[in-house]
**Student:** 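Structure provided below as structure tokens; questions to follow.
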Amino acid sequence: MNKRVLFETIRTLVAIGVALLLALIIIFSVSDEPGYALERFLLGPVTNLRNFGNVLEMAIPLIFTGLAISVMFMAKQFNLGAEGGFFFGAVGATALVLTFNLPPVILPVAAIIVGALAGGLGSALPAVLKARMGASELVSSLMMNFILFWLGLFIINNYFRDAMAGAMASHRFPDAAKLTRILPGTRLHFGIFIALAMVVVVYLFLYRSRWGYALRMVGLNIRFAEYSGINTKSVILYSQIIGGMIAGMGGTVELLGMYPRFTWFQLPGYGWDGVIVAIMARNNPLLVPVFAFFLAYLRIGADIMARVTDVPSEVVAIIQGVMIMLVTAERLLAGWRHRMVVKEKMKAAEAAEVEGGGVQHG
Amino acid sequence: APAAPAAPAEPGAPAEPSEDALKVVLLLNGTLGDRSFFDSAHAGVQMIEQQFGAEVRTIEMSYDQTRWEPTLWEVSEQDWDIIILGTWQMTEYLEEIAQEFPDNRYIIFDTSVDYSVGDLSNVYSILYKQNEGSFLAGALAAKVTTSDMELSNDRKLIGFLGGMDIPVINDFLVGYIEGALYVDEDVSVYVSYIGSFDDSASGKENALAQYNAGVDIGFNVAGQAGLGQLDAAQEVNRYAIGVDSDQAMVFAESDPDKAELVLTSMMKRVDNSLVRAAEMHMAGTLPYGEAEALGLVEEAVGLANNDFFERNVPAEIRAELEELAEMIINGEITVSSAIGMSTDELNQIRDAVKP
Amino acid sequence: MEEILAMKGITKVYPNGIVANKDVDFSVRKGEIHAIMGENGAGKSTLMKILFGMEQPEEGEIYYKGEKVILHSPNTAINYGIGMVHQHFMLVPSLTVAENMVLGVEPKKSSVLFDFEKAVQMTEEVSQKYNLAIDPKAIVEDLAVGKKQKLEILKALLRGAEVLILDEPTAVLTPQETKELFEELINLKNQGFTIIFISHKLKEIKQITDRLTILRNGRSMGIHETKAISEQEISRLMVGRDVVLKVDKQPATPGDVVIETKGLSYHDATGKPVVNQMSFRVRKGEIMGIAGVEGNGQGELVELITGLKKPSVGDIFIGGVPVKDLTVKEIRNLKTSHIPEDRMVYGVAAEGTIGENLISDRFDHPKYNGKLLQKVKSLISRSEELIKDYKVKCDGHTQQVNMLSGGNIQKVVVAREFSSDPKLIVADQPTRGIDVGSTEFIRRKLVELRDEGTAVLLVSADLNEVLELSDSLMVMYGGEIAAYFEDASQVDEMELGMYMLGLKTMEQHEMGGATGE
Amino acid sequence: MGSLFDIIFSANFGYAVLRVTTPILFASLGALISIKAGVVNISMEGTMLTAALAGVAISAYTGSAFGGLVGAVVVGMLLGLLLAYFALNLKTDIILAAIAINLMASGGTVFGLFVISGDRGISSSLASKVLPRIQIPILHQIPVLGPVFSNHNVLTYVAFISVALVYILLYKTPLGLRIRAVGENAHAADSVGISVKKTQYIALIMSGAFAGFGGAFMSMGYVSWFSTNMIAGRGFIALAAEALGMGRPFGVLLTSLLFGSADALANALQAFRIPSEFVQMVPYVVTIIGLVVYAQRKHSAAQKVRQEDRA
Ligand SMILES: Nc1ncnc2c1ncn2[C@@H]1O[C@H](COP(=O)(O)OP(=O)(O)OP(=O)(O)O)[C@@H](O)[C@H]1O
Ligand SMILES: Nc1ncnc2c1ncn2[C@@H]1O[C@H](COP(=O)(O)OP(=O)(O)OP(=O)(O)O)[C@@H](O)[C@H]1O
Ligand SMILES: [Mg+2]
Ligand SMILES: [Mg+2]
């Protein structure tokens with residue numbers, strides 16, 4: 001088991017190394033100061049507190065959407081609605097904080113609940129369509145993303161718009177709604193604790209609760225789940241609704257932690273990032289923050305490089321893509337690993353032969 | 001603008017006792033190449049470089065919102081005389097950061113910070129009266145559709161192609177409608193929103209729907225997506241009016257036939273306004289701590305007066321437009337603004353001209 | 001006779017670390033039928049996959065007609081004249097028989113288009129040549145298993161196979177179909193084909209093979225002349241001890257009725273009754289066998305009883321409770337256990353751990369749950385107990401099920417289903433494709449449970465199994481009860497065959513008390 | 001202005017539907033081929049975007065619209081190859097690899113455009129070419145049909161002809177048989193000596209080629225330039241169209257047309273002063289309705305099949 005972890009670590013490092021090499025080649029071809037650019041890319045995020053704060057700030061929404069997607073993918077529900085859920089959750093939260101005049105602490109808590117409900121509502125339709133008549137949740141959730149986006153804009157535009165603002169924007173949030181900043185000199189806010197708490201909650205839910213067990217079995221083999229007496233339809237429903245709720249919470253936390261008012265007139269893209277994070281984490285909630293951090297680090301490092309050197313920021317997108325693909329390339333070094341396994345097992349088998357018995361499983 | 005030589009710093013200029021050149025940085029919360037707003041700001045900064053011998057730098061922060069605030073922080077910590085940034089999305093960051101760096105000087109264009117939130121005496125805000133410029137565009141469109149120009153038809157129907165149904169875009173719309181109605185009470189306006197600022201194919205599709213419904217001249221206010229209107233105009237041989245920058249120039253070389261149909265563009269002269277501000281900064285007369293709305297008077301907005309305009313728009317129409325501009329400048333006409341307008345009021349205006 | 005092919009010193013390690021073959025020597029003579037035997041997971045299929053180019057060995061050499069060959073892919077093997085019929089069908093269900101036949105060697109017309117007519121013609125030719133009748137235009141998913149088996153053999157023959165590998169071809173066949181297959185194999189052998197035959201059924205091996213190779217734990221236990229080796233010796237070489245398949249069984253002492261059906265019918269989408277007007281009872285402490293050729297409604301009957309399907313007409317009572325409208329869960333709560341026909345489809349979540357698979361029927365039981373979270377420790381200790389009790393060969397409860405051999409996977413299913421203190425067990429083909437050792441174990445357990453008072457409904461295509469285990473016996477034909485014997489020990493095998501094939505049907509009065517109203 | 005009825009039954013509307021449908025149809029045919037081979041290609045969006053840029057750049061460079069088209073298609077195929085290499089050789093999760101390609105395309109095209117033209121928004125400074133329109137001789141003169149079906153961009157005809165070609169490829173050629181076999185049961189295909197990997201490579205490359213056509217249409221037919229993010233979600237809509245198309249080329253044609261019509265309808269609805277947000281929703285709502293109708297049918301059919309299976 002330890003060998004496996006070791007191998008995975010080495011493989012990941014090699015992948016990152018290869019990706020960096022490619023990055024270096026790209027950087028060399030576009031920059032006059034490649035060494036400095038690469039240095040900024042890799043170390044920029046940790047050279048000062050604010051930059052590091054930026055990494056953590058960005059990891060927060062990625063953790064939420066990563067968890068949301070993990071829960072849904074774990075049940076083999078290919079719902080890509082985290083994008084819309086995130087957005088619509090923020091819309092719901094905006095509606096709440098601008099409508100009800102609640103005291104601090106209570107207001108953000110209420111906003112997160114409403115945001116979660118709004119996000120859950122968004123994924124409820126694909127879930128119901130899937131459970132009731134087997135309609136592809138992939139298609140309906142993709143479509144729902146757009147529907148939620150326009151519906152959200154309609155709500156903001158017609159009910160919460162600040163007419164005096166020069167762009168599409170809601171009224172300012174009351175101070176009571178805002179999540180406190182926790183690290184002076186950065187924008188890092190209380191949301192990071194909520195995100196990490198959600199990691200634990202989702203982990204316990206998936207691996208320690210009966211509902212999580214049912215969810216995982218549906219994901220592994222739905223016919224087995226049905227045969228075992230698990231109510232598979234309800235799992236299809238709740239896995240997606242919970243996923244949407246987590247995404248909606250994420251939207252709320254991001255909005256109240258980072259923005260003074262609702263100003264998104266584009267889908268923020270965290271849903272797709274959540275897919276990246278979830279796949280890299282193999283749907284394991286405990287790994288979600290790790291890869292959320294990784295992705296955030298990559299992005300912030302890239303930003304810093306683009307900001308202070310002559311490497312255009314778009315090049316960074318290419319480097320990121322290569323890195324994501326290589327880090328998850330399972331076959332990378334597979335041959336080496338296989339030789340390692342063979343050697344070890346053959347030794348074990350020979351030893352077993354001496355004892356006269358046969359051992360197959362190591 | 002008068003070309004001042006590399007001016008020595010005024011004794012009265014506050015924070016800057018230096019002998020060396022003015023150092024100006026421009027932050028774009030988008031990228032260059034929009035052929036519009038950001039390009040115009042960049043051009044302004046380059047004019048500042050040329051005219052005043054300033055040291056300038058343009059930083060593109062791209063459209064990713066998460067980068068904007070960190071970049072502003074970082075730049076604020078560096079040693080610049082003027083930090084220029086633009087658009088409404090940057091205001092709240094600036095309101096916070098400007099107070100942290102009271103010795104810095106900031107210019108923000110196309111929006112205003114909220115001076116009531118704290119001590120923002122180091123921020124100068126530039127607003128553009130896009131409604132004034134759009135008034136002229138609307139007047140032009142109404143003139144053209146009722147004229148017997150080669151490509152205009154009998155119907156009194158003009159088009160407006162917006163990016164999204166949001167306040168800034170509607171500020172153009174309101175001016176446009178008022179301008180059209182000022183010329184002819186009976187003109188109708190076919191209003192479409194593309195729902196995007198980059199989908200030029202959809203822009204073309206929407207513009208075609210307008211032209212096919214009898215629109216003979218349209219005004220696009222949708223960034224890159226709006227350029228689709230120019231393609232549509234060429235396809236059905238109708239007129240178009242560009243926005244923000246001189247859109248005829250976008251195609252003047254690569255596709256002159258297309259450029260020919262762009263009668264003019266309603267321009268926001270970010271460049272002019274920045275040069276003006278830099279000049280006033282050096283003269284020590286720039287009113288930091290205030291917002292100014294610049295319009296036709298300051299040449300901060302206006303119709304592009306290019307060859308195409310002169311060649312294709314009949315002289316009498318051009319003369320009338322000039323008259324209208326004069327009337328706006330001297331206050332005989334006041335143009336309404338969508339900023340501050342409720343959705344209901346807006347709907348009334350739009351419904352009144354519905355075809 | 002000359003050796004047509006030989007494998008020397010073959011070692012195979014799967015990426016997950018399982019050593020499936022270790023230093024195996026194996027050879028076949030031209031024109032013989034050669035059996036490979038061994039427990040589940042002994043490495044039989046792996047060895048054959050290596051021979052067919054589907055897996056690459058870590059070490060070892062392969063000689064074909066005296067020449068050393070390297071088989072990188074099935075394509076190479078096919079080109080040498082090696083054909084394989086796999087343990088699990090390798091067919092594309094939505095395609096026609098002819099299309100499946102020519103896949104990979106498609107005939108063309110006008111040099112780019114697929115020539116379907118030619119494919120049909122090729123299929124007909126080869127099917128006539130080897131006297132294996134099949135309809136070239138039928139869609140494969142509509143075929144009965146026997147036909148699919150034929151198609152697989154024809155596929156290999158069409159590709160010019162001289163050596164035919166058959167991996168457990170009889171596991172899914174009825175006795176009649178098996179008989180027919182054997183005739184065909186003998187026929188092929190007489191035409192000069194060489195056949196490698198994998199089976200767990202000693203009787204079959206004895207019947208048609210010339211020599212046999214035994215594998216145990218990935219190692220070869222040598223090649224033997226079939227005539228010269230006794231069944232006892234074979235099983236000793238395979239398992240390392242003597243195996244008795246004859247289960248010692250005392251006469252049943254049936255008690256109250258546990259399950260009763262009344263006029264039970266199930267109609268498929270086309271409205272055809274697949275289960276028709278079935279009324280029967282099974283008592284406490286009784287094993288009732290259901291014999292019948294596969295596809296006569298047994299599968300549906302099992303699914304109706306266990307709640308996976310809902311009856312069109314009629315009633316089912318378990319312990320007196322009507323269960324027609326109950327969910328699977330509610331039926332399980334009435335202490336019903338179910339060993340499904342296809343363990344990989346219904347019986348397990350293959351990518352889950354053994355522990356997870358052992359608790360699927362009781363994971364939400366209050367005993368294992370707090371208010372919010374599960375009591376993980378008690379679940380684990382429960383799993384470990386079951387692994388020990390049922391002798392599941394594994395590394396521990398965290399091992400993935402798909403790393404186990406077929407027999408051990410079945411033990412996981414059986415352990416879960418037998419350990420919930422069932423009042424009724426519905427066992428559908430409980431020993432299909434299972435080696436002798438495990439088969440013996442599972443049969444013994446069934447009888448033990450009966451003795452403890454459980455009612456057992458046993459569906460099996462294996463007549464020996466049904467006859468040996470059943471106290472009473474029912475024959476299904478065309479979704480109906482064709483015969484019922486109150487005392488299964490009195491049944492004559494030939495007579496049973498007549499009922500199974502629908503040549504004979506019992507009158508209501510002959511069936512006696514357990515069926516009818 | 002006429003009623004909605006008048007608009008929808010006008011020749012302009014019909015013409016618009018075909019034009020709007022074209023890029024979606026290309027991409028969904030590409031998606032169809034990949035899915036048939038069991039390898040989902042969700043990088044259609046990024047591939048189209050990259051191909052759109054390649055077409056413009058190469059046509060400007062060679063001065064030939066055809067050269068641009070070939071370039072776009074080749075670039076599409078290369079991206080298909082890249083996806084195949086990562087997914088099939090390095091075993092990167094294919095969804096993830098495709099998302100990464102989309103990511104790279106959105107940044108890479110801006111960078112590429114900058115390198116080629118010095119611009120970052122639109123390629124208008126390049127004298128790129130557009131693919132010609134085709135007047136269909138006799139049809140052109142027929143009143144209603146002519147204006148609807150004639151005088152389209154050549155790629156619109158290519159798209160519609162491709163439906164038949166893809167049908168022939170999948171159902172009438174050995175390669176198609178192999179693609180379907182690999183997609184349905186890779187083990188079975190492998191066991192008869194078909195190289196699963198090679199077949200999937202071919203399928204992904206072909207799907208990239210179709211995305212290439214779609215991209216070329218966007219920048220050399222629909223409009224006459226490349227601009228950043230110009231595909232604007234069409235690649236994803238195509239995935240939905242494919243999923244709705246019941247895995248059949250002609251099904252995909254119908255669903256792409258459904259999308260095209262819904263989109264054109266949304267444009268037409270702008271004239272009626274419905275809140276613009278709702279107008280924008282129309283295509284997506286129509287899709288969900290389509291999905292529900294389709295699922296209802298499939299659901300009952302599936303139930304039927306399942307019951308038959310057991311028989
Ligand atoms: N693809 C695979 N990956 C990893 N392990 C495998 C794989 N296929 C088989 N094994 C393991 O290799 C061993 C030998 O398996 P194999 O299928 O050859 O056994 P077998 O003798 O055919 O058994 P059975 O009678 O159950 O078919 C078993 O432990 C099995 O779990
Ligand atoms: N790179 C490719 N691109 C497109 N099609 C291909 C490519 N390679 C092969 N094909 C097509 O795939 C099919 C099978 O090709 P392959 O080379 O595997 O055939 P084969 O196994 O040699 O069998 P045969 O020679 O009988 O066709 C043929 O229809 C061929 O046209
Ligand atoms: Mg007119
Ligand atoms: Mg086997």
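Just so it is clear, the structure is predicted and the values come from calculations on it, not from any experiment. In the text below, chain A, chain B and the rest are named by the order of the sequence lines, each starting its count at 1.
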**Student:** Quick check on A:Asn145 against chain D: is it the side chain, the backbone, both or neither that has a heavy atom closer than 4.5 Å?
**Tutor:**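 Neither part; nothing is under 4.5 Å.
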**Student:** So which atom in A:Gln320 and which in D:Leu103 form the shortest heavy-atom distance, rounded to 0.1 Å?
**Tutor:** OE1-CD2, 3.7 Å
**Student:** Write down the atom of A:Ile318, the atom of D:Met104, and the distance for their closest heavy-atom approach.
**Tutor:** O-SD, 3.5 Å
**Student:** Please determine whether side-chain contact (heavy atoms from CB on, under 4.5 Å) holds for the pair D:Val285 and A:Met143, giving the CA-CA distance in whole Å, both sets of side-chain angles, and the decisive distance to 0.1 Å.
**Tutor:** CA-CA 7 Å; D:Val285 172; A:Met143 297 300 109; over 6 Å; no
**Student:** Measuring from atom CZ of D:Phe111 to atom CD1 of A:Ile26, what distance do you get when rounded to the nearest 0.5 angstrom?
**Tutor:** 8.5 Å
**Student:** Taking side chain as everything from C-beta outward and backbone as N, CA, C, O, which of these in A:Leu326 sits under 4.5 Å from a heavy atom of chain D? Side chain, backbone, both or neither.
**Tutor:** both
**Student:** Just so I understand: if I count every heavy-atom pair under 4.5 Å between each of D:Ile99, D:Ile101, D:Leu82, D:Leu244 and chain A, which residue has the most?
**Tutor:** D:Ile99
**Student:** Rounded to the nearest 0.5 Å, what separation is found between the CZ atom of A:Phe146 and the OG1 atom of D:Thr287?
**Tutor:** 10.0 Å
**Student:** Distance from D:Lys91 atom NZ to A:Thr328 atom OG1, nearest 0.5 Å?
**Tutor:** 13.0 Å
**Student:** Nearest 0.5 Å please: distance from the OG atom of D:Ser276 over to the CG atom of A:Asn157.
**Tutor:** 7.5 Å
**Student:** Could you measure the distance from the CZ atom of D:Phe236 to the CG atom of A:Leu80? Nearest 0.5 Å is fine.
**Tutor:**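 Here the interatomic distance stands at 9.0 Å.
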**Student:** Can you tell me how far the CD atom of A:Gln266 sits from the CG atom of D:Asn229, to the nearest 0.5 Å?
**Tutor:**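 With rounding to 0.5 Å, CD (A:Gln266) is 8.0 Å from CG (D:Asn229).
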**Student:** With a 4.5 angstrom heavy-atom cut-off, is it the side chain or the backbone of A:Ile147 that approaches chain D, or both, or neither?
**Tutor:**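 Contact with chain D is through both the backbone and side chain of A:Ile147.
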**Student:** Please identify, among D:Ala241, D:Ala240, D:Gly112, the residue contributing the most non-hydrogen atom pairs under 4.5 Å to chain A.
**Tutor:**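 Of D:Ala241, D:Ala240, D:Gly112, D:Ala240 has the most heavy-atom pairs under 4.5 Å with chain A.
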**Student:** Please find the pair of heavy atoms, one from A:Trp150 and one from D:Gln280, that lie closest to each other, and give the distance.
**Tutor:** CE2-CB, 3.3 Å
**Student:** State, yes or no, whether a side-chain contact exists between A:Leu151 and D:Phe278 at a heavy-atom distance under 4.5 Å.
**Tutor:** yes
**Student:** Give, as side chain, backbone, both or neither, the part of D:Asn102 having an atom under 4.5 angstrom from any heavy atom of chain A.
**Tutor:**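 When you check distances to chain A, no heavy atom of D:Asn102 falls under 4.5 Å.
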**Student:** Set out, in order, the CA-CA distance, both residues' side-chain angles and the distance that settles side-chain contact (heavy atoms from CB on, under 4.5 Å) for D:Leu239 and A:Leu138, then state yes or no.
**Tutor:** CA-CA 9 Å; D:Leu239 293 178; A:Leu138 187 109; 5.5 Å; no
**Student:** Heavy-atom cut-off 4.5 Å, strictly under: side chain, backbone, both or neither for A:Ile279 against chain D?
**Tutor:** side chain
**Student:** For a quick test of reading the model, state the closest non-hydrogen atom pair linking D:Leu291 to A:Ser140 and the distance between them.
**Tutor:** CD2-CB, 3.5 Å
**Student:** Looking at A:Phe160, I want to see if its CZ is surrounded by more than 12 non-hydrogen atoms of other residues, nucleotides or ligands under 6.0 Å.
**Tutor:** yes
**Student:** Start with the C-alpha gap between D:Tyr284 and A:Leu142, add the side-chain angles, then the distance that decides, and say whether side-chain contact (heavy atoms from CB on, under 4.5 Å) holds.
**Tutor:** CA-CA 9 Å; D:Tyr284 311 112; A:Leu142 273 176; over 6 Å; no
**Student:** Checking heavy atoms, do the side chain of A:Val322, its backbone, both or neither come under 4.5 Å from chain D?
**Tutor:** both
**Student:** Which atom names give the shortest non-hydrogen contact between A:Val275 and D:Leu96, and what distance separates them?
**Tutor:**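 The pair with the smallest heavy-atom distance is O-CD1, 4.5 Å.
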**Student:** Looking only at heavy atoms and a cut-off of under 4.5 Å, which of A:Ala317, A:Ala329, A:Gly152, A:Ala278 has the most pairs with chain D?
**Tutor:** A:Ala329
**Student:** For a quick test of reading the model, state the closest non-hydrogen atom pair linking A:Met325 to D:Ala100 and the distance between them.
**Tutor:** CG-CB, 3.4 Å
